[in-house]
Every structure is written in C-alpha cells, then in structure tokens.
Amino acid sequence: MASTEEIRAELAEIVNEVTGIPAEDVQLDKSFTDDLDVDSLSMVEVVVAAEEKFSVRIPDDAVKDLKTVGDAVSYIEKAQAAA
Amino acid sequence: MSEATSDLGQGSTLRHSAVLGLGLHRASRVVPNAEIVDAIDSSDEWIQQRSGIIERRWATPEETVQAMSVSAAREALEDAGVLPGQVDCVIVATVSHMMQTPAVAAAVAHELGSNAAAFDISAACAGFCHGLALASDLVRAGSATHVLVIGVERLSDITDPHDRGTAFIFADGAGAAVVGPSDQPGIGPVVWGSDGEQYDLIRQKEDWREVVAAGSTSMPHLVMQGNAVFRWAAYTMAKIAEETLARTGISVDELDVFVPHQANMRIIDAMARSMKLPEHVTVARDIAHQGNASAASIPLALRQLVLDGEARSGDKALLIAFGAGLSYAAQVIRVP
C-alpha cells in the first residue's frame, strides 16, 4: 500500500502534467481551486488520470467534495483500502 | 414458380461508397466574446480558457435552417461535380428546425430542384456522422446513387443568453457532403451507439407543452451538465475513436486528419492526448472562430481544412461525433 506522501507525490505529478503547476506546489493543505487555480475541467482530467494511476473509481458526485489536495489523497487511500 | 426464385430485386453485391464533395455555409454574423460576456457575468479570457472559443457565428434572420442547408448543399454538389437531378436522397441532421413537419429536407431538395427522397434525422451533435453512415449504406446497397447529407443548426434560437454553462458555446451554420459510388472504398464502417440513461446531461430544458401551459413567451432552451459531458466526451469517446480505427483496420499512425465534433477545445485536446495522436495528424480546431454548431460542426471543420490545404484529397480522416442522448457515431473517410 502506498503511503500518503507517495500518493501526494504521484497526484502532484498528474496535476503538473494537466495544468503545468509545479509539482512541489501541490501540497496537502492546498485548495485545488483557490490556491492552485485548477478549474473544473482540469479537475476532471486530474481525476480521470488519478483513477487510472491508482486503480480507483472517483465518481462525479465525489469530485465536488475534493476541495484540497489532502481531500483527494485521503479519498484515494480509502478507495484503495476498500478495494 | 417465379416466386420461389425471385430475389425481390435485392441483388447480392455491394459497391463501394465515398464522400465525393463537401460544402459549408458559415452563419454570417461574427459574435466576439465581448458581445456576450455581460449577460453571463464572464470575461473573454474566461471563455477562451474554458472553451477555446474566440468568437462564434450566429445566423441573421435571413439565414434560416433551409437557406443555410441549400447554400452548403450547392457548394458540396459543385465540389462533387454532381447535378441536383442526380441526387436521389437528401438527409438533413438537425435539432433546431423549428417546424416539426414537414422535414426541412423536402424543402431543401425542392429548392435545389430535386424530387429525391428527403427526410430529417435527430441525433443532435452526432447527427452528421449518423447521416453519413446511412448515406454510405444506401449507396453501397443500391437504394440510392447520390445522397446529400447536411448537418445544420441555428442553436442561437434555443440558447439561453443568461446560462453561464452554454451561452458562449452554441452557434449556427451548415455543412454538407455528397456521398456516391466509388471504385475505391471511401467510407469505413461506422461505430455508433447511445446511452439514453444519461439523457439528462444535454437536453432541451422544457417540453413545448410545458412552455405553452406556463404561458411562457420564450422558446425552450438547451441545458448541459458541462463537467459530466466533458468526462464522457474526452475519455469514453477517445476509446470509441480507437475502436473505430481498429474496425477500419488502420493504426493511429496511418491517420492523416482528425475531425472530432467541435464541442469544446478542451475536449479536443484531452481526446487527442488520450488517443496519443501522433504529431503529424492534423487536428480540426474550427471551434475557435465558429463555436459549437452541433450537427454542422464536423462538415464545417472538414471543409475548412480542405479549403486551407490542411487536408488533402485521399487523406484518411477520422470523424467522431457525440452529443445529446449521449449518442455517438464515428467513421474513417477518405477526404474527397
């Protein structure tokens, strides 16, 4: 099972690939919209790439509750644990 | 007994079909983002970043669905070197012809000087590729020799100028193709389908009967759940594109031109990435100056690539259309 930091780092790489935001800026306390300026369409791209990377399913209904990078990382951790 | 031996005239051989010519009619009013931002409390930058749309085309009152169809059809017939009298079927794909009956196709055929079979089809943004599939099979089986396929919309009539999700997207125009017999295969197999369970994602907001019962004076409008549509279009449709190439028997490296429905530049970019489209493939990005003209978007984009010399005769072009009803259709064609 990947650690929180490993998931964060891999998610940061995805965010970087989709939006060009430096991966080191993608920290757990950062808000996708307010801090990182990830718009909703980029968020969809990040989610789809994360689903593939982490072999989890993140439905549209869940996406709107993922406000921060930490929210997304803990969602992925829970989804992986449940799988 | 003759009945036992009759094949009812069905015959047993198929011939090849191809797109013989293309035509377009761009609605003449150029509407920059600046003209629509106030009603949706937005900005030029936001719209461009969100959709890649710099300006869109809206029709004038004179540019009716019929008038734009005839204009695009004449150009396609001339491009194909086919006379109106040689056309024996006219298919119009549209969701914005506000006369439910008769089909606008019959009026278009008449204005062109033809008594061909004529009917409309409703598959929203996927309409043109549905029409192309029908036309190809009609020609191959011998039901028709020359089929005129037209995608046409006046979405400005049914767009809510105050809806932040759609006001900046939709547009007007027409594109046409002439499909006829060919020595060489020119239209590959269609891959198509629908997901009506998700019909809610893009649809007409109100039933006409509700509009009348409510005493409303405005037309029903289109509504869309953008993020869900984005996800479906960019990723599910990329898989359909790959399946279409597989059915056609070519690899993505053998493709010359990619003409996806011009829904949103972000969808086009995400699809291209998802498909790992090689650099050499020309990607249609007509949406920047046209907006999303639904059923007209693919023929508009393809014709423009030909006019600009970016798509050449004989090129293999993958067309993929998708939209309301989550209906979709894709095929590979040879550029005429």
Would you say the side chain of [Y] lies within less than 4.5 Å of the side chain of [X], judging by non-hydrogen atoms?
X	Y	result
A:Val47	B:Arg231	yes
B:Asn264	A:Leu41	yes
A:Val44	B:Arg266	no

B:Ala228 versus chain A, heavy atoms under 4.5 Å apart: side chain, backbone, both or neither? both

Give, as side chain, backbone, both or neither, the part of B:Arg50 having an atom under 4.5 angstrom from any heavy atom of chain A. both

So if I take each residue of residues 10-26 of chain A and look for any heavy atom under 4.5 Å from a heavy atom in chain B, which residues do I end up with? none

Return yes when atom [atom1] of [X] has more than 12 non-hydrogen atoms of other residues, nucleotides or ligands closer than 6.0 Å, and no otherwise.
X	atom1	result
A:Glu52	CD	no
A:Glu5	CD	yes
A:Lys64	NZ	yes

Rounded at 0.5 Å granularity, tell me how far CH2 in B:Trp232 sits from CG in A:Asp60. 13.5 Å

Given heavy-atom pairs under 4.5 angstrom as the criterion, report whether the side chain, backbone, both or neither of A:Glu51 touches chain B. side chain

